[in-house]
J.: 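Structure below; questions to follow.
Here is how names work: the chains are called A, B, and so on, in the same order as the sequence lines, proteins then strands, and each is numbered from 1. Everything numeric here is computed off the predicted structure, so don't read it as measured data.
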Amino acid sequence: MRDVFVRLYNDGLIYQGDYIVNWCPRCHTAISDLEVEYDERNGFLWQILYPFAEGDRGVVVATTRPETMLGDTAVAVSPGDKRYEDKIGRIVILPLVNRRIPIIADDLVSMEFGSGAVKVTPASDPNDFAIAERHRLEVIKIMDGSAVINENGGVYKGQDRYECRENVLRDLEKGGYLVGKEPYVHSVGQCYRCKTDIEPMVSKQWFVKIKPVAKKAIAAVVKGKTKLLPATWESTYFEWMNNIRDWCISRQIWWGHRIPVWYCDTCGKEIVSTKDPTLCPDCRGNSLKQEEDVLDTWFSSALWPFSTLGWPDKTKALKTFYPTSLLITGFDILFFWVARMMMMGLYAMKDVPFRDVYLHALVRDEEGEKMSKSLGNIIDPIEMIEKFGADAFRFTLAAFTAQGRDVRMSEERIAGYKHFVNKIWNATRFTLMNLEDYPGGDVHVEKGDESLPDRWIKHRLNITIDEVVGSLNEYRFNDAASSIYQFVWHEFCDWYLELIKPTLYGKSDPAKRLAAQHTLFTVMKATLKLLHPFMPFVTEEIWQTLVNDGSSIMVSEFPAPDDGYQDPLADSRMGIIMGVISSIRNIRGEMNIAPSRKLKVVIATQEERSLEVVGTGAGYIVNLANLNNLVVDRSEEEPNNAATGIIGAIKVFVLLEGMDTAGEKARLEKEMARVNKDLMIISKKLANRDFMAKASREVIEKEEEKFRGIKEKHDVLETALKRLQNMA
RNA sequence: AGGCGGGUAGCUCAGCGGGAAGAGCGCCACGCUUACACCGUGGAAGUCACAGGUUCGAAUCCUGUUCCGCCUACCA
């Protein structure tokens with residue numbers, strides 16, 4: 001901390017001066033611009049008459065803070081304002097105080113606001129202070145550190161600022177100077193720590209000349225040496241950094257790092273040093289007094305990325321870890337801390353402190369309000385954890401964290417993910433039950449013993465791993481979370497576990513059973529690892545019981561895509577079988593057939609490949625669609641009393657004795673309507689000359705393919721409907 | 001005042017380097033089938049804020065309008 005201060009000082013980037021700062025009358029300290037919070041207030045805009053010294057009427061000024069008039073040293077008007085052109089340079093008498101003050105012209109004054117004339121109180125307003133500097137006006141402080149009027153306030157001495165306001169108003173009114181009052185909403189700065197109204201006040205403070213340092217921090221982001229993510233934050237960062245003002249780093253509080261500056265009692269020399277000096281280098285005097293002010297806590301915080309690694313020593317840690325790879329933080333800390341770490345890192349280390357800065361979403365309450373203690377709308381994470389579990393809560397946060405958006409926390413969503421944790425737990429129970437006799441260790445499984453579902457689920461797992469890894473690399477946590485969710489629930493649990501149940505339960509084929517167990521174990525382990533960053537507790541617990549070799553999932557290797565798992569053929573075969581099963585289930589559901597009733601089904605197709613896939617997968621279809629009879633053939637003949645389903649080139653007939661023909665007709669017509677709509681859209685497209693001429697060949701082929709598929713479906717539906725007509 | 005983000009199914013939100021609208025929850029129907037009723041199967045549900053434009057084609061790109069949220073600055 002001292003090292004940086006001394007270097008900045010020697011480089012001429014630290015200076016001390018009388019400036020107007022944000023002063024907290026309760027904390028008795030200056031605070032930085034960033035530490036001021038603004039609050040809308042219903043107040044008044046008062047109009048006060050300042051008479052000319054010559055005795056004629058005078059000018060009217062408007063103010064929200066009449067009490068500050070005690071410190072007025074001028075009245076300012078806009079240079080281009082015709083109304084006041086001839087009055088510039090004249091003298092007015094400040095009411096109640098009887099001070100003679102000039103009328104001056106300054107660009108800062110707007111002609112439109114109020115009366116067009118503004119009172120100038122350099123010691124109590126930042127703008128007025130700037131005007132005073134330009135016009136060399138006197139600066140009269142009228143308050144002490146507690147915002148109580150001092151001796152410059154004459155009879156009002158000893159009054160609090162708000163008490164004084166009332167008295168000043170009363171006296172102005174009495175003297176006939178108060179000429180107007182209207183309700184006015186304006187914002188008042190408050191101390192972010194204690195909420196006391198800030199009093200802009202002139203005092204001696206230490207500042208960092210920030211522009212030169214900020215310039216480098218801007219360039220680092222422009223050049224991409226540090227990336228802000230989501231990238232939209234970069235424009236916000238630039239906006240702020242380009243308009244940055246000098247940083248007030250001194251504080252008048254009793255805690256914190258004292259500024260490493262000493263004053264010689266003998267000759268008044270200012271000594272700036274990293275080590276406590278004992279002698280004045282100039283006069284050899286030994287009576288030295290250290291500066292009373294301490295540093296803004298953000299000053300040392302800004303050094304965090306390298307000071308924690310041992311700087312200024314050239315430590316191994318510093319060499320190894322600086323620049324760090326990633327900082328994750330909230331956007332509200334971007335200026336407070338991130339920008340300052342950037343500036344100080346570049347200054348002291350000549351390199352950025354971090355490669356990536358990920359600005360995560362802010363969690364808001366269910367109404368989208370920012371949580372705050374005073375609003376009382378804090379969602380306590382501990383309560384959520386007690387109610388839904390740490391893993392469900394954590395997973396929810398990840399699932400909600402889409403880039404560039406804030407999170408509106410909703411308990412319903414957390415509850416949904418609690419169910420997901422439960423689902424995982426139950427899948428684990430299933431796995432444990434069915435692995436009881438699994439030998440473990442290096443089980444050898446012949447490729448040929450692996451079933452279609454085994455190959456399929458590994459293929460899907462591989463895709464999931466690829467998606468999750470890709471999403472995490474881009475900080476797309478919500479995409480990673482939904483990929484895992486989708487895989488675990490809707491592929492692994494919904495399909496794979498159901499598909500292998502007969503193999504696991506029946507002990508007729510030990511080799512296939514072992515292969516299924518092996519796949520189950522393998523996929524389960526990889527899934528747990530994928531889930532672990534999102535659900536650390538449950539996954540570790542399961543790992544300990546399932547793997548049970550004394551290892552921790554925390555230190556296991558994160559899954560990486562494995563080409564050996566790729567099996568697009570299994571994927572497409574499984575897709576056909578799943579399509580057939582879904583189609584039968586759909587008919588069952590729509591025709592209101594009880595889930596327990598076993599069905600007879602005929603599957604017909606002229607396509608050899610489909611015939612083969614459905615034929616070899618018949619067992620899965622019988623099982624998952626709950627059939628007691630399945631015929632697969634290439635016959636063109638279509639059975640009567642059958643509900644029809646279509647999956648590409650495959651026709652599915654669910655045989656129903658005494659079928660509800662009206663119900664089936666309605667079902668087919670609904671499907672037909674959907675098909676017709678699609679058909680119309682696509683045929684219109686294909687009939688469009690411009691489309692055929694201008695669209696890419698890929699797109700056209702895709703559309704034509706789509707058209708063929710839908711047309712096929714349309715024809716099947718048509719014949720099925722005709723058959724129903726004939727039956728009736 | 002300036003900047004940024006958003007308005008997509010009843011709710012909370014994905015999709016937005018243009019080619020048939022997605023998820024979770026909720027809702028409806030049917031089911032206690034030896035992992036799970038915190039479940040299973042099926043289903044209904046959207047003029048993608050509005051108006052123009054670019055394009056063969058727009059939720060997706062451009063312009064404008066409107067409403068909401070946030071940030072920064074100022075406010076005599």
J.: Let's go through Lys685(A) and Ser683(A) carefully: what are the C-alpha distance in whole Å and the side-chain angles of both, what is the deciding distance for side-chain hydrogen bond (donor to acceptor under 3.5 Å, both in side chains) to 0.1 Å, and is it a yes or a no?
T.: CA-CA 5 Å; Lys685(A) 219 177 224 187; Ser683(A) 51; over 6 Å; no

J.: Using both pair distances under 3.5 Å as the test, note the stems of at least 3 consecutive Watson-Crick or G-U pairs that include RNA chain B.
T.: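 When the pairs of RNA chain B are grouped into runs of at least three, the stems are B:1-7 with B:66-72, B:10-13 with B:22-25, B:27-31 with B:39-43, B:49-53 with B:61-65.
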
J.: Where do Tyr358(A) and Thr401(A) land on the side chain to side chain contact (heavy atoms under 4.5 Å, CB included) test, with the steps shown first?
T.: CA-CA 12 Å; Tyr358(A) 177 76; Thr401(A) 306; 3.4 Å; yes

J.: Please give, in whole Å, the distance from rA21(B) P to Lys677(A) NZ?
T.: 8 Å

J.: Name the nucleic acid region contacted by Leu432(A), choosing base, sugar-phosphate or nothing; use a 4.0 angstrom heavy-atom cut-off, strictly under.
T.: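 Nothing, no heavy atom under 4.0 Å.
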
J.: Mind calculating the distance between CD (Glu703(A)) and P (rA20(B)) to the nearest angstrom?
T.: 6 Å

J.: To the nearest Å, how far apart are Glu474(A) CD and rG15(B) P?
T.: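 Interatomic distance, CD of Glu474(A) to P of rG15(B): 12 Å.
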
J.: Just to verify, what does Pro79(A) make a side chain to side chain contact (heavy atoms under 4.5 Å, CB included) with, not counting sequence neighbours?
T.: Ala105(A), Asp107(A)

J.: If I compare all heavy atoms of Ile587(A) with all of Ala643(A), which pair ends up nearest, and what's the gap?
T.: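 Looking at all heavy atoms of both residues, the shortest contact is CG2-CB, 3.6 Å.
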
J.: Look at the rings of Tyr485(A) and Tyr417(A) and say which category their plane angle falls in: under 30° parallel, 30 to 60° tilted, over 60° perpendicular.
T.: perpendicular

J.: How would you label the contact of Val699(A) with the nucleic acid (heavy atoms, under 4.0 Å): base, sugar-phosphate, or nothing?
T.: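 Val699(A): base contact, heavy atoms under 4.0 Å.
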
J.: Could you pick out which residue, Arg429(A) or Phe400(A), lies toward the 5' side of RNA chain B when each is mapped onto its nearest nucleotide?
T.: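 Nearer the 5' end of the strand: Phe400(A).
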
J.: OP1 or OP2 of rU33(B) less than 4.0 angstrom from a side-chain nitrogen or oxygen of Lys598(A), does that happen here?
T.: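 Result: no.
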
J.: Run the salt-bridge test on Lys706(A) and Glu704(A) with the 4.0 Å N-O cut-off and return the result as yes or no.
T.: no

J.: Can you check each nucleotide of nucleotides 67-73 of chain B against protein heavy atoms at under 4.0 Å and return B for base, S for sugar-phosphate only, - for none, in 5' to 3' order?
T.: ---SS--

J.: Give me the distance, rounded to whole Å, that separates rG42(B) from rG24(B) when you measure between the P atoms they each carry.
T.: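 After rounding to an integer number of Å, I get 12 Å for this pair.
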
J.: Measure NZ/Lys713(A) against P/rA20(B) and give the value in whole Å, please.
T.: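 Distance, rounded to whole Å: 16 Å.
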
J.: Could you run through nucleotides 53-61 of chain B and give me one letter per nucleotide, 5' to 3': B if any protein heavy atom sits under 4.0 Å from the base, S if only the sugar-phosphate is that close, - if neither?
T.: ---B-----

J.: Can you tell me how far apart CD1 (Ile333(A)) and CZ (Phe331(A)) are? Round to the nearest 0.5 Å.
T.: 10.5 Å

J.: Can you tell me how far P of rU33(B) sits from CZ of Phe430(A), to the nearest Å?
T.: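 My rounded result for the distance is 16 Å.
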
J.: Looking at Lys706(A), I'd like to know whether one of its side-chain N or O atoms comes within less than 4.0 Å of OP1 or OP2 on rA20(B).
T.: yes

J.: Grab the CZ-C1' distance between Phe487(A) and rA23(B) for me, whole Å please.
T.: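 Roughly 18 Å, once rounded to whole Å.
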
J.: I'd like to know if the side chain of Gln517(A) and the backbone of Asn434(A) have a donor-acceptor N/O pair within less than 3.5 Å.
T.: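 Between the backbone of Asn434(A) and the side chain of Gln517(A) there is a qualifying donor-acceptor contact (under 3.5 Å).
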
J.: Within the structure shown, what part of the strands sits under 4.0 Å from Thr232(A) by heavy-atom distance: base, sugar-phosphate, or nothing?
T.: sugar-phosphate

J.: Any idea which heavy atoms bring Met384(A) and Ile414(A) closest together, and the distance?
T.: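 The answer is SD-CD1, 3.8 Å.
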
J.: Output the rounded distance in Å from CD (Glu704(A)) to C1' (rG19(B)).
T.: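 Glu704(A) atom CD is separated from rG19(B) atom C1' by 14 Å.
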
J.: Which residue, Thr527(A), Thr431(A), Ile424(A), forms the side-chain contact (heavy atoms from CB on, under 4.5 Å) with Ile542(A)?
T.: Ile424(A)

J.: Using a 4.0 Å heavy-atom cut-off to protein, can you give one letter per nucleotide of nucleotides 39-45 of chain B, 5' to 3': B if the base is in contact, S if only the sugar-phosphate is, - if neither?
T.: SSSSSS-

J.: For Tyr184(A) and for His490(A), locate the closest nucleotide of RNA chain B by heavy-atom distance; then report the residue assigned to the nucleotide nearer the 5' terminus.
T.: His490(A)

J.: Any protein N or O atoms within reach of nucleotides 16-18 of chain B? Criterion: under 3.5 Å, listing atom names and distances.
T.:
none

J.: Which heavy atom in Ala74(A) sits nearest to a heavy atom in Leu137(A), and how many Å separate them?
T.: CB-CD1, 3.6 Å

J.: Quick one, Thr396(A) with Lys418(A), criterion side-chain hydrogen bond (donor to acceptor under 3.5 Å, both in side chains). Give me CA distance, side-chain angles, the key distance, then yes/no.
T.: CA-CA 9 Å; Thr396(A) 307; Lys418(A) 182 192 165 193; over 6 Å; no

J.: Within the structure, does a side-chain N or O atom of Tyr496(A) lie under 4.0 Å from either OP1 or OP2 of rA35(B)?
T.: no

J.: With a 4.0 Å cut-off on N to O distance, would you call Lys713(A) and Glu671(A) a salt bridge?
T.: yes

J.: Give a yes or no on whether a salt bridge exists between Glu705(A) and Lys702(A), defined as a side-chain N under 4.0 angstrom from a carboxylate O.
T.: no

J.: Determine the interplanar angle of the Tyr496(A) and Phe492(A) rings, folded into 0 to 90°, and report it as parallel if under 30°, tilted if 30 to 60°, perpendicular if over 60°.
T.: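 Because their plane-to-plane angle is under 30°, the rings of Tyr496(A) and Phe492(A) count as parallel.
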
J.: Kindly assign one of parallel, tilted or perpendicular to the pair Phe336(A) and Tyr192(A), based on the angle between their ring planes and the thresholds 30° and 60°.
T.: tilted

J.: State whether Arg667(A) and Asp660(A) are salt-bridged, where the test is any N-O pair (Lys NZ or Arg NE/NH1/NH2 against Asp/Glu carboxylate O) under 4.0 Å.
T.: no

J.: What is the separation between atom CZ on Arg697(A) and atom C1' on rG19(B), rounded to the nearest whole Å?
T.: 17 Å

